[in-house]
Amino acid sequence: MRSRPRRLDRTGAAMTEFSWKRSDFPEGFVFAAATSAYQIEGHAFGGAGRTHWDRFAEIPGKVARGENGAVACDHYHRWPEDLDLIRDAGLDAYRFSTSWARIMPDGVTVNPDGLDFYDRLVDGMLERGLRPMATLYHWELPEALSLRGGWTVREIPERLADLATVVARRLGDRLYSTAPINEPWCVAWLSHYHGDHAPGTTDLGAAARAMHYVGLAHGLCLSALRAEGVANLGAVCNMEYALPADDSADSETAAQLYDGIYNRWFPGAFLQGVYPDDILAGLEPHLPEGWARDMEVISQPVDWFGINYYTCRRLRQDGPVWPHVIDVPGPPPLTDMGWEIAPEGLGRLLRRTARDFTGDTPLFVTENGMASPHYDDRPDQPRIDYLDAHLRQARDAIADGVPLRGYTFWSLLDNFEWALGYDKRFGLVHVDFETQTRTPKASYRALARALAD
Ligand code: IFM
């Protein structure tokens with residue numbers, strides 16, 4: 001097969017490099033790569049317990065090809081090679097997550113091998129000069145807790161705070177930063193309203209309770225971490241830039257509603273201790289009794305705030321039942337996830353978040369990246385272009401005064417993309433899932449050159 005011709009930039013030169021280099025960013029700006037536990041480690045190893053994702057994957061039609069995280073990238077055994085890859089790219093930090101079900105297989109009882117694994121991993125980062133950026137919970141709820149009601153019951157935030165204490169005591173002295181929960185919107189809304197992720201519920205009441213209890217878990221974990229002396233605590237929220245699908249007033253309303261559920265609910269709760277009125281109007285009837293008393297806990301101070309950004313959505317109204325919002329496909333080019341490429345949305349959300357929610361609190365882009373197929377005969381140019389455009393937005397936001405302190409590439413490795421299984425490839429490094437061979441892609445090599453300058 002012939003390779004595709006390389007694209008040319010405005011001057012007619014072949015584009016294989018990023019248009020920025022490290023020295024274009026402020027001194028001390030942190031470049032990181034991210035992964036998460038269940039997506040890479042290999043959950044069959046090291047005494048980890050079953051998670052709600054293992055169960056979800058067993059339900060026909062829920063996960064592509066019935067795939068799960070049992071082996072994934074075998075990072076549990078290959079972590080030294082993976083940390084070498086991060087160091088050799090010239091990155092400063094590694095954003096990883098701890099698996100609740102590895103550390104506490106039944107959600108409560110500590111598995112010493114699980115803690116030992118993260119202890120080795122964190123030491124391995126420090127030996128390589130990488131700053132450990134930890135996330136406590138990136139979606140692998142122990143099955144035993146899921147069967148007790150999961151995120152729709154108050155017990156789960158309390159148990160996650162226990163995990164926070166355990167992790168703090170073992171790793172807290174060596175972590176550069178810690179966030180309790182990755183992407184609360186996905187944990188709550190995507191998993192309980194849309195039902196696209198485990199546990200696959202499609203119920204507004206369950207989603208509303210989860211939208212509250214995930215926030216409560218965030219607050220309780222921050223308290224637990226602080227009580228153990230862990231410093232530099234933050235939050236990581238995903239955001240999508242919301243646009244009306246057309247110029248009707250109804251579509252404008254739909255975009256605002258989507259923006260509220262996706263981009264304002266958690267920042268409002270975490271940073272200001274209030275839920276946005278327009279969304280509260282729809283969710284309050286379903287919130288647990290006495291919810292308002294939790295807002296003080298939920299809004300503990302954070303030292304930094306992270307945004308995961310991938311795309312925008314074009315919204316219109318859909319029927320009479322709240323929240324009556326549906327998105328319509330955006331124009332090509334789309335990523336392999338079918339997501340519109342909208343780098344300007346990142347710049348807008350960074351500015352809006354700083355202006356309306358975070359003020360001078362340091363911001364981080366805690367995830368950004370593109371699913372794109374990669375074969376030897378198919379260069380990795382779309383990923384380079386995607387990342388380049390988003391990094392330029394980040395640089396422009398900094399120039400406008402946004403206190404953005406770091407940028408994280410999703411992902412270091414091709415990995416288990418949840419309900420879509422293994423064929424959505426976000427990695428800077430290609431993984432052959434048969435042999436577990438890691439092969440740096442053109443984007444990885446371009447990144448190493450940009451960071452060396
Ligand atoms: O793979 C996910 C990750 O687990 C959370 N943020 C978005 C990524 C791409 O979908």
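This structure is a prediction, so every number in the text was calculated from the model and none was measured. First listed ligand is number 1; within each ligand, the first listed atom is number 1. Computed over heavy atoms, backbone and side chain alike; hydrogens, waters and symmetry mates excluded.
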Among all protein non-hydrogen atoms, which one is nearest to atom 7 (C) of ligand 1, and what is the separation to 0.1 Å? Glu367 OE1, 3.2 Å
For Tyr275 and His212, test the side chains for any donor-to-acceptor distance below 3.5 angstrom and give the result as yes or no. yes
Set out, in order, the CA-CA distance, both residues' side-chain angles and the distance that settles side chain to side chain contact (heavy atoms under 4.5 Å, CB included) for Phe96 and Thr135, then state yes or no. CA-CA 6 Å; Phe96 71 109; Thr135 303; over 6 Å; no
May I ask you to decide if the ring planes of Trp410 and His138 are parallel, tilted or perpendicular, using 30° and 60° as cut-offs? parallel
Can you confirm, on distance only, whether ligand 1 has an N/O atom lying under 3.5 Å from any N/O atom belonging to Asn308? no
Atoms in ligand 1 with a heavy atom of Glu183 nearer than 4.0 Å: 5 (C), 6 (N), 7 (C)
In the protein, what heavy atom is nearest to atom 8 (C) of ligand 1, and what distance, to one decimal place, separates them? Tyr310 OH, 3.5 Å
Go through the side-chain N and O atoms of Asn308 and Asn182 and say whether any donor and acceptor fall under 3.5 Å apart. yes
May I ask you to check if ligand 1 and Trp139 share an N or O to N or O distance below 3.5 Å? no
What do you reckon, does Trp339 put a non-hydrogen atom under 4.0 Å from ligand 1? yes
If we ignore angles and hydrogens, is there a donor and acceptor under 3.5 Å between the side chains of Asp162 and Thr165? no
Within the structure, is a non-hydrogen atom of Lys424 found at a distance of less than 4.0 Å from ligand 1? no
Less than 3.5 Å apart, any donor N or O on the side chain of Asp385 or Gln381 sitting next to an acceptor on the other? yes
Does an N or O from Trp418, backbone or side chain, lie closer than 3.5 Å to an N or O of ligand 1? yes
Heavy-atom contact under 4.0 Å between Asn182 and ligand 1? yes
Close N or O approach (Glu417, ligand 1; < 3.5 Å): yes
Side chains of Arg55 and Asn68 only: does a donor on one sit below 3.5 Å from an acceptor on the other? no
